[in-house]
Trainee: 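One structure, pasted below without further comment.
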Amino acid sequence: MKVLVTVKEVAAVEDDFEIDGLSIDDRYLEYDLNEWDDYAVEAAVQIAEAADEDVEVVAATIGPERSEETIRMALAKGADRAVRVWDDAIADQTLLDVNAKASVFEQVVAEEEPDLVLTGVQAADDALGATGVALANRVGYQWAAVVNDLDYAAGDDVATVRRELEGGVEEITEVDLPAVLSIQTGINEPRYASLRGIRQAQQKEIAPHDLSDLGLDAETVDGALELTDMYEPESESDATIFEGGAEETATELANVLRDKGVVGE
Amino acid sequence: MSDVLFVAEHRRGDLRDVSYEGITAGRELADALGGDLHVAVISGSVEAFAESLNTPAVDAIHTVEAGEEFDHDTYAAATEALHAELDPAALLLPNSVNGLDYAPAVADSLGLPYASDAVDVAYDDGLTVTREMYGSKVETTVDVAGDQFVVSIRSGEWPAASGAGEASLEAFEFDADSVDDGARVQGYEEVGSGDVDISEADFLVSIGRGIEEEENLDLIRDLCDATGATLSSSRPIVDNGWLPKNRQVGQSGKQVTPDVYLAIGISGAVQHVAGMKGAETIIAINTDPNAPIFDIADYGIVGDLFDVVPALIEEFE
């Protein structure tokens, strides 16, 4: 069987940063694999490792050449190969919308014909939280969003998942394959890449595709959403901030706790 | 085509708060569009739900009988059928966990633009949605092209609608049996029960990502011992397996309302704040002066927890 994992390189923003037009100044960004995708990769690799049959894990990403370094981390953790889609028409978008992402991955799914697709619940940068379910709808797969427990063995026709609802309630659902599952953080313990894995990943394929390779044109990704402004939210803080060194501020804080009468003897 | 359709959300017999918040958001948008606000409620005790949702802001309520609880195929099919019937400009859905499970499919099936997790919406010859990126570090405005669109709204961003209204009530004919059953809900489980109920504590010391390593949790345990506080945490600590689920504060964990909530190394992401904003006094220790936790804190220390916490322990020893 085959498991496709969609992955994304995302940037974490330093505490102090500057906005340059419609994006955060690159000097304040640190690129890494999207946290949710790290869990999705682990879930896919665990299925492959537990299987008696041959399970191929393919990572798919929409990202520029720079992102290959990050995608290689997914390969170092056990994915077998990767597909990377990029195009000038994608780079031109201020905000790549869900329809564009689903259209790209629809073609990847058509080419790869996976039995199971795992995505992260959302990407840490644009936080759209929609690609997996939109993709499932597009390709006619079943789906489940926000999965924090997955009971599935390679070759099974049904996956039993838990969806993490709000307020500490989980929904237990059976999902027929083929399916797309959006994976929540905490579902497993993502491994660190071993030195051997990192070495092996250098030999694994990251196949580049542009839109025409997928039979798509620039119009496909020219979405309906356009980013028009980016700014730091105004602080609404009216907190009393204690100034000074650790001892002084700790003393002030201790006085507050004593005043509130919550410190037990 | 100037109406707004909002689909309410309920679970296990209760309408969720976002249902009333969505009515407020929908009313604002309907006024800007010059149209009516339609509210739909799908599955469960739809007539009782309709009565609760019948607030002055609502023009029409559509009830759809289809099973008891949320399932994405039913919700998607019913929402698409309602959309075809009402032809609204805007379809508003909750950006809840269940919203995430059907809104993208509905937008895709309808072939409409989808803007998710809106914290504000405005219409002036075109829709503009305000949404956050990079984990609340920045806010953005997004223009949505076209005269029909789907928007999901973040919970807690609009005031809840209230009062008794005079909306028309209509039962919407929908054949629930024809819906795909490729995903079958088997049941629900309450998780996160355990030895300690953090929602009962008067004083919570809550730890987040800033603790960096599992070993460092001992420092926070020492603080709890010195002060008699109960230990809780934000999501990453539980995701890492450093504390059990019953210690997690936030949207997917526990809602807590202690007298004092001391947040240490917690940035204050919206999902966390949803679980603790009801605390009487909120105190934050964080290295980042711009961390959103300071927006809701009453007292704060901008500093390194590894300096401040040992000093604080000494105060009580």
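What you see is a predicted model, and the numbers here were worked out from it, not measured in a lab. Hydrogens, waters and symmetry mates are skipped; everything else that's a heavy atom, side chains included, is used. Chain A is the first sequence line, chain B the second, and so forth, proteins listed ahead of strands; every chain is numbered from 1.
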Trainee: Report which part of A:Val10 has an atom under 4.5 Å of a heavy atom belonging to chain B: side chain, backbone, both, or neither.
Mentor: neither

Trainee: For A:Tyr192, does the OH atom have more than 12 heavy-atom neighbours from other residues, nucleotides or ligands under 6.0 Å away?
Mentor: no

Trainee: Using a 3.5 Å distance criterion without hydrogens, assess whether the side chain of B:Ser116 forms a donor-acceptor pair with backbone atoms of A:Leu128.
Mentor: yes

Trainee: Inspect the contact between B:Lys137 and A:Glu232 and indicate whether a charged nitrogen and a carboxylate oxygen are less than 4.0 angstrom apart.
Mentor: no

Trainee: Side chain, backbone, both or neither: which part of A:Leu225 has a non-hydrogen atom closer than 4.5 Å to chain B?
Mentor: both

Trainee: A:Glu166 pairs by side chain to side chain donor-acceptor pair (under 3.5 Å) with which of B:Arg11, B:Gln255, B:Gln251?
Mentor: B:Arg11

Trainee: Only one of B:Val302, B:Asp307, B:Ile285, B:Val308 clears side-chain contact (heavy atoms from CB on, under 4.5 Å) with A:Thr249; which?
Mentor: B:Val308

Trainee: For the residue pair A:Ser237 / B:Asp295, report whether a side-chain donor-acceptor contact shorter than 3.5 Å exists.
Mentor: no

Trainee: Sort B:Ser96 into side chain, backbone, both or neither according to what part of it lies under 4.5 angstrom from a heavy atom of chain A.
Mentor: both

Trainee: In a check of side-chain contact (heavy atoms from CB on, under 4.5 Å) between B:Val142 and each of A:Asp229, A:Thr228, A:Asp97, A:Leu95, which one passes?
Mentor: A:Leu95

Trainee: Tell me, side chain or backbone of A:Leu257 under 4.5 Å from chain B's heavy atoms, or both, or neither?
Mentor: side chain

Trainee: Got more than 12 heavy atoms from elsewhere within 6.0 Å of CD, A:Glu189?
Mentor: no

Trainee: Considering only heavy atoms, which portion of A:Val169 lies under 4.5 Å from any heavy atom of chain B: side chain, backbone, both, or neither?
Mentor: both

Trainee: Which atom pair, heavy atoms only, marks the closest approach of B:Tyr114 to A:Ala130?
Mentor: CE2-CB, 3.6 Å

Trainee: If we ignore hydrogens and angles and just use 3.5 Å, is the side chain of A:Thr240 paired with the main-chain N or O of B:Tyr299 as donor and acceptor?
Mentor: no

Trainee: Can B:Asp108 and A:Arg138 be counted as an ion pair, charged N to O under 4.0 angstrom?
Mentor: yes

Trainee: Counting only non-hydrogen atoms closer than 4.5 Å, does A:Ile19 touch chain B with its backbone (N, CA, C, O), its side chain (CB onward), both, or neither?
Mentor: side chain

Trainee: Side chain, backbone, both or neither: which part of A:Ala124 has a non-hydrogen atom closer than 4.5 Å to chain B?
Mentor: backbone

Trainee: Heavy atoms, side chains only, cut-off 4.5 Å: are A:Glu174 and B:Gln186 in contact?
Mentor: yes

Trainee: Is it the case that atom CD in B:Glu314 sees more than 12 heavy atoms from other parts of the structure closer than 6.0 Å?
Mentor: no

Trainee: Given heavy-atom pairs under 4.5 angstrom as the criterion, report whether the side chain, backbone, both or neither of A:Ile24 touches chain B.
Mentor: side chain

Trainee: Which answer fits B:Asn95, side chain, backbone, both or neither, if we ask what part of it has an atom under 4.5 Å from a heavy atom of chain A?
Mentor: neither

Trainee: Answer with side chain, backbone, both or neither: which region of A:Val161 has an atom nearer than 4.5 Å to a non-hydrogen atom of chain B?
Mentor: neither

Trainee: In terms of heavy-atom proximity below 4.5 Å to chain B, should A:Asp126 be classed as side chain, backbone, both, or neither?
Mentor: both

Trainee: Need one label for A:Val13: side chain, backbone, both or neither, based on atoms under 4.5 Å from any heavy atom in chain B.
Mentor: both

Trainee: Under a 4.0 Å threshold between the charged nitrogen and the carboxylate oxygen, would A:Glu164 count as salt-bridged to B:Lys245?
Mentor: yes

Trainee: Give a yes or no on whether a salt bridge exists between A:Asp176 and B:Arg184, defined as a side-chain N under 4.0 angstrom from a carboxylate O.
Mentor: yes

Trainee: If only side-chain N and O atoms count, and only distance matters, is there a donor-acceptor pair under 3.5 Å linking A:Thr251 with B:Glu315?
Mentor: yes

Trainee: Quick check on B:Thr281 against chain A: is it the side chain, the backbone, both or neither that has a heavy atom closer than 4.5 Å?
Mentor: side chain

Trainee: Tell me, for A:Glu226 versus chain B, whether the close heavy atoms (under 4.5 Å) come from the side chain, the backbone, both or neither.
Mentor: both

Trainee: B:Asp101 side chain to A:Ala145 main-chain N or O, any donor-acceptor pair under 3.5 Å?
Mentor: yes

Trainee: Does a side chain donor of either B:Tyr188 or A:Glu171 reach within less than 3.5 Å of an acceptor in the other side chain?
Mentor: no

Trainee: In terms of heavy-atom proximity below 4.5 Å to chain A, should B:Asn290 be classed as side chain, backbone, both, or neither?
Mentor: side chain

Trainee: I'd like to know whether A:Glu35 forms a salt bridge (charged side-chain N to carboxylate O under 4.0 Å, His left out) with B:Arg235, so could you lay out the CA-CA distance, the side-chain angles of the two residues, the decisive distance to 0.1 Å, and finally the verdict.
Mentor: CA-CA 13 Å; A:Glu35 187 182 358; B:Arg235 173 169 200 121; over 6 Å; no

Trainee: What closest approach, in Å, do B:Val138 and A:Pro233 show between heavy atoms, and which atom pair accounts for it?
Mentor: CA-CD, 3.9 Å

Trainee: Is it the side chain or the backbone of A:Glu14 that comes within 4.5 Å of chain B heavy atoms, both, or neither?
Mentor: backbone

Trainee: B:Ile283 versus chain A, heavy atoms under 4.5 Å apart: side chain, backbone, both or neither?
Mentor: side chain

